[in-house]
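Everything below concerns the one structure shown next.
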Amino acid sequence: MSETLERWGSKRAFILAISGAAVGLGNIWRFPYVAGENGGAAFLLIYVAFVLLLGIPVMMAEILIGRAGRRGPLQALGTLAAEAGASKHWRWLGLFGAFTVFCILSFYSVVSGWSIEFLVASINGQFNGATAAEIGAGFDAFLASPGLLIFNHSLFLFMTMTVVAAGVAKGLERLNNLLMPLLYVLLLLLAGYAATTEGFSTALMWLFLPSFEAITPTVVLHAMGHAFFTLAVGACALMAYGAYMPEEQSLPKAAFAVAVLDISVALLAGIAIFSVVFAQGMDPAEGPGLMFVTLPIAFSELPGGAFWLSVFFLLLLLATWTSAINLAEPMVATLQGLGLRRSMATAIIALSVWLMGLLSAFSFSTLAEFQPLFGRNIFELVSSIPPDIFLPLGGLMIATFAAWIMPQKRVMKALGAGESGYLLWRNIVRWVSIPLTFIVLLGGLL
Ligand code: PHE
């Protein structure tokens with residue numbers, strides 16, 4: 001486990017650390033495009049409901065395990081299971097989490113690399129005066145160049161793994177402190193601009209007026225997966241951060257604060273992006289390119305557009321960076337827990353994620369037709385199955401462990417919410433979160 005993480009010095013620092021993990025591609029890139037493919041408002045409604053009923057309670061479960069165990073996921077789960085007289089096999093949940101974040105980081109790094117490319121392109125003024133069609137064609141050409149994708153993927157992963165190797169707390173704390181408010185203000189500005197476009201009212205209706213026939217088991221499954229993904233819950237990644245939570249902090253308050261921030265970032269991004277989509281007569285179900293095409297178009301119409309677009313991509317890059325660090329940390333912690341040195345563990349993880357990422361990078365060209373499962377190529381698989389299936393499955397087990405296995409006294413202390421708060425949480429997890437996750441998973445799979 002990273003020694004340096006012990007320094008989450010204050011309540012605020014802890015909330016910022018969790019927000020840094022939560023706010024990332026999930027909010028700004030994934031939410032709009034998955035909502036676009038899944039009926040807009042219907043998706044949003046279910047996703048927000050899942051954040052409240054599953055995301056927040058399970059986030060508390062995950063963090064409190066880390067807080068009670070005071071170690072990396074594998075060891076924390078092992079110790080706590082032994083203490084509760086449960087099977088020591090519970091600790092393999094930590095390994096399952098590590099596998100999940102491995103898959104996620106492999107595509108996350110590739111897509112974050114797109115932000116690097118777009119940051120450089122916007123600094124160079126490449127979007128100045130370009131039409132919507134030109135910007136769209138430019139993006140397609142970029143995706144068809146595996147060399148470029150791999151270069152940016154390598155750069156991003158290098159950025160991430162150097163921080164992880166060094167140990168993350170202090171730098172991350174300062175970065176988050178600055179980044180979150182800036183990102184928020186910029187998104188507010190962008191949404192304000194969106195309000196002046198013709199697409200704004202259509203975008204609002206599309207995002208907030210659900211048509212209930214759009215709700216299918218698949219939409220529900222995607223919404224649940226996204227709720228876990230965007231909150232960074234279900235892979236034992238937050239568990240590691242919980243281990244260093246200040247003693248006197250209330251976990252429910254922190255979890256709520258993070259969820260509210262996380263949802264509002266997604267909403268602002270959604271409003272901005274869909275206003276442009278409708279103003280330009282584009283297709284909301286355009287797929288993973290949605291944000292990368294719409295935002296350059298939006299900014300190119302604003303005064304000082306190139307400058308603001310560069311600022312935006314810089315902030316996005318920093319936000320995905322803090323999330324990627326959180327994705328990598330539990331894998332490194334797990335290997336360290338198995339006795340490896342931190343530098344060695346980081347190198348092994350970096351190399352494996354890099355190799356796995358190549359498959360995603362090639363999925364837009366050479367390997368586009370290589371569809372080993374469900375008619376989906378590697379990028380489509382790793383960007384859907386781990387978020388939609390593995391995270392809820394992990395969350396289900398995490399919740400079961402915290403609400404059924406761990407002794408009440410332990411949980412109550414780690415939750416920091418008094419007896420009535422504890423009972424409320426436990427009832428929600430036992431009788432709502434766990435059964436609901438199970439049913440949706442089953443329904444979606446069948
Ligand atoms: N929540 C992150 C995002 O929205 C992704 C993430 C998932 C991070 C799981 C950690 C664990 O970008």
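Counting convention: from 1, in listed order, for ligands and their atoms alike. Just so it is clear, the values below take in all heavy atoms, side chains as well, and ignore hydrogens, waters and symmetry mates.
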Which residue, W206, Y33, F208, forms the ring pair (Phe, Tyr, Trp, His ring centres under 6.0 Å) with F274?
W206

Please list the nearest protein heavy atom to atom 11 (C) of ligand 1 with its residue and the distance rounded to 0.1 Å.
L327 CD2, 3.4 Å

F99 atom CZ, over 12 foreign heavy atoms within 6.0 Å:
no

For a quick check under 3.5 Å, do S275 and Y193 share a side-chain donor-acceptor pair by atom type?
no

Just let me know how P387 lines up against ligand 1, side chain, backbone, both or neither, with a heavy-atom cut-off below 4.0 Å.
neither

Among protein heavy atoms, which sits nearest to atom 9 (C) of ligand 1, and what does the distance come to when rounded to 0.1 Å?
A232 CA, 3.6 Å

Heavy atom of A22 under 4.0 Å from ligand 1?
yes

Counting heavy atoms only, which of Y108, F390, F229 is nearest atom 7 (C) of ligand 1?
F229

Residue, atom and distance of the protein heavy atom nearest atom 2 (C) of ligand 1 read A21 O, 3.3 Å

Can you tell which of T322, N326, L105 gets a heavy atom nearest to atom 10 (C) of ligand 1?
N326

Given F364, which partner from the list F142, F107, W114 fulfils the ring pair (Phe, Tyr, Trp, His ring centres under 6.0 Å) test?
W114

Within the structure provided, determine whether W321 and I325 are in side-chain contact (heavy-atom separation under 4.5 Å).
yes

